[in-house]
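Just below is one structure, and these are the notes that go with it.
On a predicted model such as this, the values are computed, not experimentally measured, just so you know. Both backbone and side-chain heavy atoms feed into the values below; hydrogens, waters and symmetry mates do not.
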Amino acid sequence: MATIKFRNVVKSFDNGKVTVIPDLCLEIADKEFIVLVGPSGCGKSTTLRMIAGLEEITSGELYIDDLKVNDVAPKDRDIAMVFQSYALYPHMSVYKNMAFALKLKKLPKEEIDKKVRWAAKILDIEPYLDRKPRALSGGQRQRVALGRAMVRNPKVFLLDEPLSNLDAKLRTEMRSQITSLHNKLQTTFVYVTHDQTEAMTMADRIVVMDKGIIQQVDTPQALYNKPANMFVAGFIGSPAMNFFESRVTDGKIRFSEYEFDIPESKISSLQSYEGKDIIIGIRPEHFTEFTDTKPKKNTCLMTVETEISEMTGSEANIYFELNGKRHIAGIKTSRKICSGDTVNLSFSSSDVHFFDKATTKAIQ
C-alpha cells in the first residue's frame, strides 16, 4: 500500500521570507495516478520534491503509508524519481544504468539480471541494453530512466515533467506507455507537468495548483465540466476557455450586443445576481457555425469578423475581437476562412459556465 498525505504543509525559503506553499492539504490514494498541474512557479515540482525528500518541509506533516516521513532520508522512503533530464550515467551501458541502484544494495547478480531484463521487456528496450545513452533517441532514454526506477520496485513513482524534452509525436507515444506502465505495475504514480493535455489524458485525478495553493482536485472530466473557478476553467482545456463580461437582466444574460435566456438549471442560482455583472465562460469547441438566422431555443447567435484563422483540416480556429479582447472559436468547416471574413457563430446556453465577477468562483 502506498498512500500519501499532506497535512497543513508549508514550504518557505530564505528563513521564512519567501513562502511558496502556504498550506497544503492533500491525500493521494494507493495505486492512484495523480497529476499535479499548473503554470511555472505554482509549486508543483516543490510538492513532488518534498515527497522525495529532496526539499525539507518548513512545517506540517507528510505521511507515506501512515508513516510520518518529515525527517526520513530520501533513500529510506521507498520512492523512485524520474527526472525531466533523464539523469543517466553517460559512461555506462543501458544495462548498467538500470542495474546501478540494485548493485548498491548488493543484491545477487542473478536477481539484478532478472529485474533488469523484466523491466527492459516491458519497456521494449531489450535490444539496447548494451548501448550507451548517447546512442539512444530521447524516447529511448526516457524509457531507460523509467526502467531504472522500475527495477527498484518502489512504493511510489515520482515523475517530474518527464516528457518535456521530447517532440510532439514522442510525447504522445510516451504518454500511452507511461499510462500502460501504471496499469501493469499497479503502484502509486505522482506526475508533475505544466501541460494540461498530459494531465487530462493520463490522470485518475488532477491537482490544479496556482501560487502554491490547490485550486481544485478532481477527475479530468469533472474539471472540464465543472471547474471551481475561472483559473481552473481557463487552465483546463485547449484552446483555453473564452471569458465575457456580462450582466444578468430580466431572465437574460447580456454581453456586448448579444443576449440569451438563462438556462433553467441556473435560474435559481442566478436570482441574486439580477442587475449585476458576472463573467460567462464558453469553450472554443462549443461554438458552431450557423446558416439559419432563426435561432433554436436556448441558443445565442453571434456574427464576428475573423482576425486570424488556423485551418486544421476539417476544423478551424477562428480568432475574433469583442469589446477589445481577443477570443477564439473552434468550428468544424470544410471551407477556407480568411482574415477579414465574417463568420456566424452560435452556442448553446447549456454549455455556458457562470462565474462571480468579484470572487472568480463558479456559480453553481
Side-chain angles (χ1 to χ4, degrees), residues 3-6 21 23-48 51 158-164 171-172 175-176 178-179 182-183 188-244 263 265-266 269 278-287 317 327-330 347-357 359-364:
T3 59
I4 301 171
K5 297 177 184 176
F6 287 89
I21 295 178
D23 185 12
L24 180 63
C25 295
L26 175 67
E27 292 195 10
I28 301 171
D30 179 41
K31 301 178 183 177
E32 186 171 27
F33 195 131
I34 197 157
V35 176
L36 309 181
V37 70
S40 297
C42 72
K44 55 188 185 295
S45 289
T46 300
T47 300
L48 196 77
I51 298 174
L158 306 177
L159 300 99
D160 192 6
E161 305 217 31
L163 309 184
S164 59
R171 281 201 304 271
T172 302
R175 282 205 309 261
S176 62
I178 291 174
T179 302
H182 174 255
N183 293 335
T188 307
F189 275 48
V190 186
Y191 188 105
V192 160
T193 182
H194 65 276
D195 186 335
Q196 57 91 20
T197 301
E198 285 182 22
M200 292 291 286
T201 54
M202 300 173 76
D204 295 324
R205 286 191 305 154
I206 298 173
V207 180
V208 183
M209 299 182 70
D210 183 38
K211 298 175 183 176
I213 299 171
I214 293 177
Q215 302 295 313
Q216 190 173 356
V217 184
D218 218 323
T219 64
Q221 208 58 37
L223 289 178
Y224 179 85
N225 291 325
K226 293 184 177 181
N229 54 42
M230 288 178 62
F231 178 84
V232 176
F235 195 85
I236 298 296
S238 181
M241 182 182 287
N242 300 288
F243 296 111
F244 301 92
S265 62
K266 293 294 181 182
S269 56
I278 63 169
I279 304 295
I280 63 170
I282 305 164
R283 295 197 182 279
E285 58 268 33
H286 289 152
F287 283 102
N317 290 328
H327 303 283
I328 180 171
F347 61 85
S348 170
S349 62
S350 62
D351 290 325
V352 177
H353 298 263
F354 300 87
F355 303 94
D356 185 291
K357 187 175 180 180
T359 66
T360 75
K361 292 182 179 178
I363 302 171
Q364 303 292 355

Is [X] reaching over with its side chain to a backbone N or O of [Y], donor-acceptor style, under 3.5 angstrom?
X: D218; Y: L223; result: no
X: K44; Y: L36; result: no
X: T188; Y: K31; result: yes

Just grab all the side-chain hydrogen bond (donor to acceptor under 3.5 Å, both in side chains) pairs involving residues 230-239, residues at least two apart or on different chains. none
Please tell me if the side chains of [X] and [Y] come closer than 4.5 Å, counting only heavy atoms from C-beta onward.
X: F244; Y: V352; value: no
X: M200; Y: I206; value: yes
X: M209; Y: T47; value: yes

Set of residues satisfying side-chain contact (heavy atoms from CB on, under 4.5 Å) with respect to [X], sequence neighbours excluded:
X: A228; answer: Q216
X: S269; answer: K266, I363
X: T359; answer: D356, K361
X: T360; answer: N229, M230

Taking side chain to side chain donor-acceptor pair (under 3.5 Å) as the test, write out the residues that go with [X], two or more places apart.
X: S164; result: Q84
X: S348; result: S350
X: R283; result: none
X: H194; result: E161

Yes or no on side-chain contact (heavy atoms from CB on, under 4.5 Å) for I34 and I4, after CA distance, side-chain angles and deciding distance? CA-CA 11 Å; I34 197 157; I4 301 171; over 6 Å; no
Can you tell me how far apart [atom1] ([X]) and [atom2] ([Y]) are? Round to the nearest 0.5 Å.
X: M241; Y: H327; atom1: CE; atom2: NE2; answer: 13.0 Å
X: F347; Y: N242; atom1: CZ; atom2: CG; answer: 10.0 Å
X: D160; Y: Y191; atom1: CG; atom2: OH; answer: 10.0 Å
X: E285; Y: D351; atom1: CD; atom2: CG; answer: 9.0 Å
X: L24; Y: I214; atom1: CG; atom2: CD1; answer: 4.5 Å

For [X] and [Y], which heavy atoms make the closest approach, and how far apart are they?
X: P220; Y: A203; answer: CG-O, 3.5 Å
X: P263; Y: S349; answer: CG-O, 3.8 Å
X: I21; Y: G43; answer: CD1-O, 3.8 Å
X: F243; Y: A233; answer: CZ-CB, 4.1 Å
X: A362; Y: P227; answer: CB-O, 3.3 Å
X: H353; Y: N225; answer: CE1-O, 3.1 Å

According to the salt bridge (charged side-chain N to carboxylate O under 4.0 Å, His left out) rule, which pairs have a member within residues 196-217, sequence neighbours left out? E32-R205
Could you walk me through whether T197 and R175 satisfy the side-chain contact (heavy atoms from CB on, under 4.5 Å) test, starting with their C-alpha distance in whole Å, then the side-chain angles of each, then the deciding distance to 0.1 Å, before giving a yes or no? CA-CA 10 Å; T197 301; R175 282 205 309 261; 4.2 Å; yes
The test is side-chain contact (heavy atoms from CB on, under 4.5 Å); show your working for I328 and F287 and say whether it passes. CA-CA 9 Å; I328 180 171; F287 283 102; over 6 Å; no
For residues 196-231, which residue pairs pass the ring-ring contact (aromatic ring centres under 6.0 Å, His included) check, not counting sequence neighbours? F231-F235
Going by ring-ring contact (aromatic ring centres under 6.0 Å, His included), name the residues that satisfy it together with H182, two or more places apart in sequence or in a different chain. F33, F189
